[in-house]
Each structure stands twice: as structure tokens, then as C-alpha cells.
Amino acid sequence: MSENYERIAGDFNCKDIVSMNQFDLSDIEELVVEAEDMAEMVKDQGRDDILSDLVIANTFFEASTRTFFSMDAAAKRLGATTIPMQGIEDYSSVSKGETFEDTIRTIARYSDNIVLRHPVEGSAGKAASVSDVPIINAGDGKGEHPTQALLDVFTIEDELEQVDGLTVTMVGDLKNGRTVHSLAKLLGKHSDMRINYVSPPELALPSSIIDENLGYGVSQFETTDLDEVIRDTDVLYVTRIQKERFESAEEYEKHKGAYVVDADVMKKLGRDAIVMHPLPRTDEINPEIDSDPRSAYFRQVENGMYMRMAIFALINGRSISD
Ligand code: NCD
């Protein structure tokens with residue numbers, strides 16, 4: 001995992017956002033409050049100008065829909081100008097053989113923040129070590145996806161009015177899915193949490209993350225059988241089998257369709273529970289459950305923009321409530 005990061009420790013100004021390891025519970029709460037204010041502001045007036053002096057480079061070396069659009073929309077709703085760049089490996093000097101470090105150093109000379117998605121684990125930390133401007137990790141290979149975890153916890157608070165004391169069940173490809181890596185770390189910082197990890201044995205959550213959470217006193221349970229834990233679940237967090245991270249098509253085919261949440265599964269889930277998914281989904285959530293009020297994944301998408309607005313504000317030393 002990435003290790004080039006500085007703790008937030010109550011001060012977001014000019015900090016990189018690379019790993020959930022940088023955060024204390026109070027930092028997370030500060031962001032959630034700011035995100036709530038952003039949601040209200042957008043509903044009232046659509047946009048604000050608190051970042052109108054800034055240029056934000058949205059630098060994507062890997063496919064994305066939600067993270068790319070929500071980062072761009074978030075920056076623009078706060079008045080920033082953005083440099084949106086997808087397919088950078090084809091359209092930039094990377095294709096001429098420029099090193100990753102030189103590319104980042106260059107973009108840092110033109111912009112005030114760099115949002116970075118990259119297929120290699122650890123690349124956000126590497127970028128942070130050569131950039132003079134804050135790097136926001138928008139997913140580094142099988143590593144982490146901290147802004148997703150932050151929007152996930154914002155969604156849990158928004159939907160269930162609390163995080164402490166809940167039972168969260170993560171299901172799917174917990175080995176390769178970076179969103180669950182960051183989310184497990186983040187939930188571990190809350191009190192009285194129970195986290196169930198449901199996956200095929202080959203796709204289990206990295207033991208380093210489970211061990212870290214042991215230190216925080218989280219109750220954790222691993223199983224291959226969703227049925228074993230579904231009835232006691234408050235948040236069912238479903239993930240995609242990460243096709244692009246497998247060595248071979250056969251390996252992927254072996255696990256494809258391992259878990260499918262459909263109307264039958266929903267019958268076993270509590271009345272007040274919710275279903276979340278970082279999206280995109282493939283076959284692990286049947287669209288027949290989309291109209292179930294407990295299906296929160298499209299509300300989760302919208303929350304992503306508010307949380308990213310909050311992140312942009314705080315790392316630039318601004319706040320909507322100033
Ligand atoms: C996730 C990602 O890119 O890690 N998507 C997202 O950012 N919402 C999840 C995934 O691709 O499965």
C-alpha cells in the first residue's frame with residue numbers, strides 16, 4: 001500500500017489525499033459536515049465561487065465514469081476551472097516515453113490540485129512525493145480509493161443517521177477491489193463496528209487490512225456464504241469481480257457471478273437495511289431490485305459529488321460555511 005502520505009490531523013490545508021490511513025475519525029466527521037453543507041448549497045443555488053481562482057487537473061490513466069464526472073462536476077460547482085484528461089497514456093507525452101514522475105511534475109506547474117487515477121498500486125503516493133500541489137487519489141490499481149470510501153460513509157450517515165454500531169457486509173472481489181480496502185479502513189475507525197467479509201477464498205480481503213482493524217477493536221468475520229450473515233446486516237456493500245485485475249480470462253470466468261443480489265436475497269435483508277455498490281455493476285446486482293427503497297446505490301452516486309466538493313474545499317483551505 002501507498003506510504004507517501006502525511007496525516008490530516010485536523011488540518012486539510014494543502015494535504016494530499018492518498019490513503020485512509022491519513023485520517024482520524026474527527027477528520028472524517030469534518031468532511032461529512034462539509035459535504036452535508038455542499039448538498040444543501042447545491043439544492044439551494046446550484047453552485048458557488050469559493051474555488052474560482054483555482055485550476056484542477058483531472059488526470060485519468062484508467063477508465064472511469066462516476067469518479068471522473070463527479071470530480072469535474074464538483075470542481076466546477078465551486079467555480080474552479082478544470083483540465084479534464086482521460087486516456088492520458090494515448091494523448092500525452094507518456095506515449096513518447098516520458099516518466100510518470102515528469103508527467104506529474106509538469107501538470108503540477110499548471111494546476112493547483114491534481115486528481116489522479118492510475119492502474120498501478122502506489123502511484124498516488126509516488127505522485128505525492130514529486131508534486132508541489134495536492135494529489136487526490138482517485139483509485140490506484142488494487143490499492144485504495146479514499147474519496148469513494150468517504151462518500152460511502154457519508155451515504156451511510158445520510159441513509160441510516162449513524163455509522164457507529166452498524167454491521168456492514170462487504171461482498172464480492174475483496175482482494176482486488178480498492179473501494180473495499182479504503183472502506184474497511186475507514187469503518188474500522190468507528191466504534192462497535194462489525195464487518196462481515198463475504199468472498200471466494202481466493203478473493204479475500206488482504207490480511208494486512210484485517211490485522212490493522214484488529215488493532216481498532218472491530219469485530220470482523222470472514223465467510224464464503226452470504227446467507228450466513230445477510231439477516232444481521234445493516235449495510236450490504238456489493239462489489240464487482242474486478243475483471244481487469246485477473247491474470248487470465250479463465251481466472252475471471254471462474255469467479256464471475258459468484259454472488260448475485262436479487263429479489264430473493266432482498267427478502268432476507270432487514271427492512272431498514274440498505275444496499276450500496278460503488279458501481280459500475282456487471283451481474284452482481286439484478287436490476288429487478290433497483291426500485292426497492294433499500295437500494296441506495298444511485299443516491300450514493302449523487303453523494304459522491306458533494307463529498308468531492310467538500311474535499312476540494314478543505315484541502316484548499318476553504319469552506320462553504322465561511
Ligand atoms: C470503482 C473503482 O474504480 O474502483 N468505481 C468507482 O470509482 N466508483 C469500483 C469498480 O470499478 O468496481
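Model, not experiment: these values are computed from the prediction. In listed order, ligands and their atoms are each counted from 1.
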- Message: I'd like to know whether M71 forms a side-chain contact (heavy atoms from CB on, under 4.5 Å) with R66, so could you lay out the CA-CA distance, the side-chain angles of the two residues, the decisive distance to 0.1 Å, and finally the verdict.
- Response: CA-CA 8 Å; M71 290 284 188; R66 274 147 294 270; over 6 Å; no
- Query: Checking side-chain contact (heavy atoms from CB on, under 4.5 Å) for the pair Q300/Y237: CA distance, chi angles, key distance, verdict?
  - Reply: CA-CA 11 Å; Q300 187 182 351; Y237 194 94; 3.9 Å; yes
- Could you check N316 against D112 for side chain to side chain donor-acceptor pair (under 3.5 Å), going step by step and ending with a plain yes or no? CA-CA 9 Å; N316 290 296; D112 300 293; over 6 Å; no
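Of all the atoms in ligand 1, the ones that sit under 4.0 Å from a non-hydrogen atom of T67 are 6 (C), 7 (O). Counting atoms of ligand 1 from 1 in the listed order, those under 4.0 Å from a heavy atom of R117 are 2 (C), 3 (O), 7 (O). When each atom of ligand 1 is checked for a heavy atom of H145 under 4.0 Å away, the hits are 2 (C), 4 (O), 6 (C), 7 (O). The T179 neighbourhood of ligand 1 comprises atoms 1 (C), 4 (O), 9 (C), with distances under 4.0 Å to a heavy atom of that residue.
Closest to atom 8 (N) of ligand 1 among all protein heavy atoms lies P278 O, 2.9 Å. The closest protein non-hydrogen atom to atom 10 (C) of ligand 1 is R240 NH2, 3.3 Å. Protein heavy atom closest to atom 4 (O) of ligand 1, with residue, atom name and distance, is R178 NE, 2.7 Å. Among protein heavy atoms, atom 5 (N) of ligand 1 sits closest to L279 O, 2.9 Å.
Side-chain atoms of D140 and S123 form no donor-acceptor pair, as typed in the model, at a separation below 3.5 Å. When only modelled atom types and interatomic distance are considered, H145 and R117 share a side-chain donor-acceptor pair under 3.5 Å.
I83 and I136 fall into different hydrophobic clusters, where Ile, Leu, Val, Met, Phe, Trp and Tyr are joined by side-chain heavy atoms under 4.5 Å apart, directly or via other members.
Backbone and side-chain nitrogen or oxygen atoms of Q148 are examined, and one is located within less than 3.5 angstrom of a nitrogen or oxygen of ligand 1.
Residue contacts with ligand 1 do not include A63, since none of its heavy atoms lies under 4.0 Å from the ligand. Distances from ligand 1 to the non-hydrogen atoms of Q242 include at least one value under 4.0 Å.
In this pair, H118 and F61 present their aromatic rings tilted. The plane angle is within the 30 to 60° band.
Outside the 6.0 Å centre-distance limit, the rings of Y216 and H190 are not counted as a close aromatic pair.
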